[in-house]
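These notes concern the structure reproduced below.
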Amino acid sequence: MFATLWHTLFFDPIYNLLIVILDYVPGGDVGLAIVVLTVLIKLVLLPLSLRAARTQHAMRTLEPTLSALKERHKNDREALARETFAVYKEAGVNPFAIIALTLVQIPIVFALYLSVSRGGGVPFPEINTALLYSFVPPPGMVDMIFLGIVNIAGRSLPLALLAGLTQFIHGKLSLPPLAPREKDAKPSLKDDFARSMHLQMRYALPLVIFFVAYTISATIGLYLLVSNLAAIAQEFVVRRKIPGYNGHNQPTS
């Protein structure tokens with residue numbers, strides 16, 4: 001059952017779309033095909049991405065209200081949960097939109113990597129014709145050297161470095177700045193946790209992205225690089241589309 005869903009929803013569509021794109025990119029360059037495929041995926045996911053960005057912005061706007069609820073119902077979790085969801089519903093906010101965006105992209109990344117590295121038992125540059133839809137012909141040429149420089153099936157330090165760097169830039173653009181600690185404020189577990197998560201997202205995540213991009217293959221490095229560039233561009237689109245959005249997910253005064 002799981003294998004059928006995996007092939008039907010993710011692996012086979014990604015594999016076939018990659019093959020179709022290979023017929024149109026110059027020289028059957030697999031790297032260029034991955035770039036085009038990544039852009040197409042980002043365009044398909046754009047409505048979900050914008051919804052997630054609006055959700056982040058709205059949740060930050062609602063923080064004072066939610067903090068007041070936590071203080072009022074600190075000894076009654078059921079009442080807190082009920083009123084919190086009521087606030088979300090009234091504001092038209094769905095907190096799961098952010099999680100959904102992440103969950104959708106994980107199998108896509110794996111499907112792309114497995115398409116190139118294994119291809120259902122036949123790794124690129126060979127084509128597994130048994131996986132092709134009836135209307136998808138095999139490509140005339142398959143070139144594994146991206147732009148004549150990078151072997152897309154191997155590891156690439158430059159692509160991994162660029163993937164990590166663009167992740168850092170995106171985090172700098174999208175994450176809110178840390179509020180300075182008040183001098184007389186008492187230590188707070190919640191505040192310490194928030195600061196820890198913020199620092200991890202800003203500094204540790206780019207290192208994780210670099211490690212993953214370099215360890216697995218240049219295929220993943222290229223996908224993450226293009227994804228991050230698209231996310232950076234989207235950040236500027238969001239700033240224009242969401243009233244009061246100032247680029248740091250905070251409401252403007």
| query | Is any side-chain heavy atom of Phe210 less than 4.5 Å from a side-chain heavy atom of Leu157? | reply | yes
| field | pair Pro139-Ile127: side-chain heavy atoms closer than 4.5 Å | value |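 Side-chain contact under 4.5 Å: yes.
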Looking at every heavy atom in both [X] and [Y], which two are closest together, and how far apart are they?
X: Leu132; Y: Pro137; result: CD1-C, 4.3 Å
X: Thr166; Y: Ala163; result: OG1-O, 3.0 Å
X: Gly28; Y: Leu22; result: O-CD2, 3.3 Å
X: Ser117; Y: Pro123; result: O-CB, 2.9 Å
X: Leu46; Y: Gln234; result: CD1-OE1, 3.7 Å

What distance separates [X] [atom1] from [Y] [atom2], expressed to the nearest 0.5 Å?
X: Phe11; Y: Ser115; atom1: CZ; atom2: OG; answer: 4.0 Å
X: Asp12; Y: Leu17; atom1: CG; atom2: CG; answer: 12.5 Å
X: Phe10; Y: Ile106; atom1: CZ; atom2: CD1; answer: 10.0 Å
X: Ile21; Y: Ile34; atom1: CD1; atom2: CD1; answer: 10.0 Å
X: Leu18; Y: Thr219; atom1: CG; atom2: OG1; answer: 9.0 Å
X: Ile209; Y: Leu161; atom1: CD1; atom2: CG; answer: 13.0 Å

[X] with [Y], same ILVMFWY side-chain cluster at under 4.5 Å:
X: Trp6; Y: Val122; value: no
X: Leu165; Y: Tyr214; value: no
X: Leu207; Y: Leu205; value: no
X: Val39; Y: Val109; value: yes
X: Val208; Y: Ile216; value: yes

| query | Without hydrogens or angle criteria, can the side chains of His170 and Asn228 be said to hold a donor-acceptor pair below 3.5 Å? | reply |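 No, no side-chain donor-acceptor contact under 3.5 Å.
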| message | Side chains of Lys172 and Gln167 only: does a donor on one sit below 3.5 Å from an acceptor on the other? | response | no
| Other residues, nucleotides, ligands: >12 heavy atoms within 6.0 Å of Phe110 CZ | no
| request: List the steps, then state whether side chain to side chain contact (heavy atoms under 4.5 Å, CB included) holds for Tyr223 with Gln105. | output: CA-CA 11 Å; Tyr223 176 86; Gln105 293 185 81; 4.3 Å; yes
| request: Mark yes or no for whether Tyr15, through its side chain, and Asn128, through its backbone, hold a donor-acceptor pair below 3.5 Å. | output: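 Yes; at least one donor-acceptor contact below 3.5 Å.
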| message | Given 3.5 Å as the limit, does a donor-acceptor pair link the side chain of Asn16 with the main chain of Leu131, or not? | response | yes
| request: Indicate the ring-plane relationship of Tyr133 and Phe135, choosing parallel, tilted or perpendicular according to the 30° and 60° boundaries. | output: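 Tilted.
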| Full working for side chain to side chain contact (heavy atoms under 4.5 Å, CB included) between Val36 and Leu32 | CA-CA 6 Å; Val36 174; Leu32 285 177; 5.5 Å; no
| Derivation of the side chain to side chain contact (heavy atoms under 4.5 Å, CB included) call for Ile14 and Ile108 | CA-CA 8 Å; Ile14 292 294; Ile108 291 174; 4.2 Å; yes
| task | Give me the one residue out of Leu43, Leu45, Thr38 that meets side chain to side chain contact (heavy atoms under 4.5 Å, CB included) with Ile41. | result | Leu45
Counting only pairs under 3.5 Å, give me each side-chain donor-acceptor contact of residues 140-148, with atom names and distances, residues two or more places apart or in other chains.
from, atom 1, to, atom 2, distance (Å)
Asp143, OD1, Ile145, N, 3.0

Determine all donor-acceptor pairs shorter than 3.5 Å in which one atom belongs to a side chain in residues 149-156; sequence neighbours excluded.
from, atom 1, to, atom 2, distance (Å)
Asn151, OD1, Ala153, N, 3.1
Arg155, NE, Thr215, O, 3.4
Ser156, OG, Leu159, N, 3.3

| message | side chain to side chain contact (heavy atoms under 4.5 Å, CB included) for Leu40 and Val44? Distances and angles first, verdict last. | response | CA-CA 6 Å; Leu40 290 176; Val44 170; 5.6 Å; no
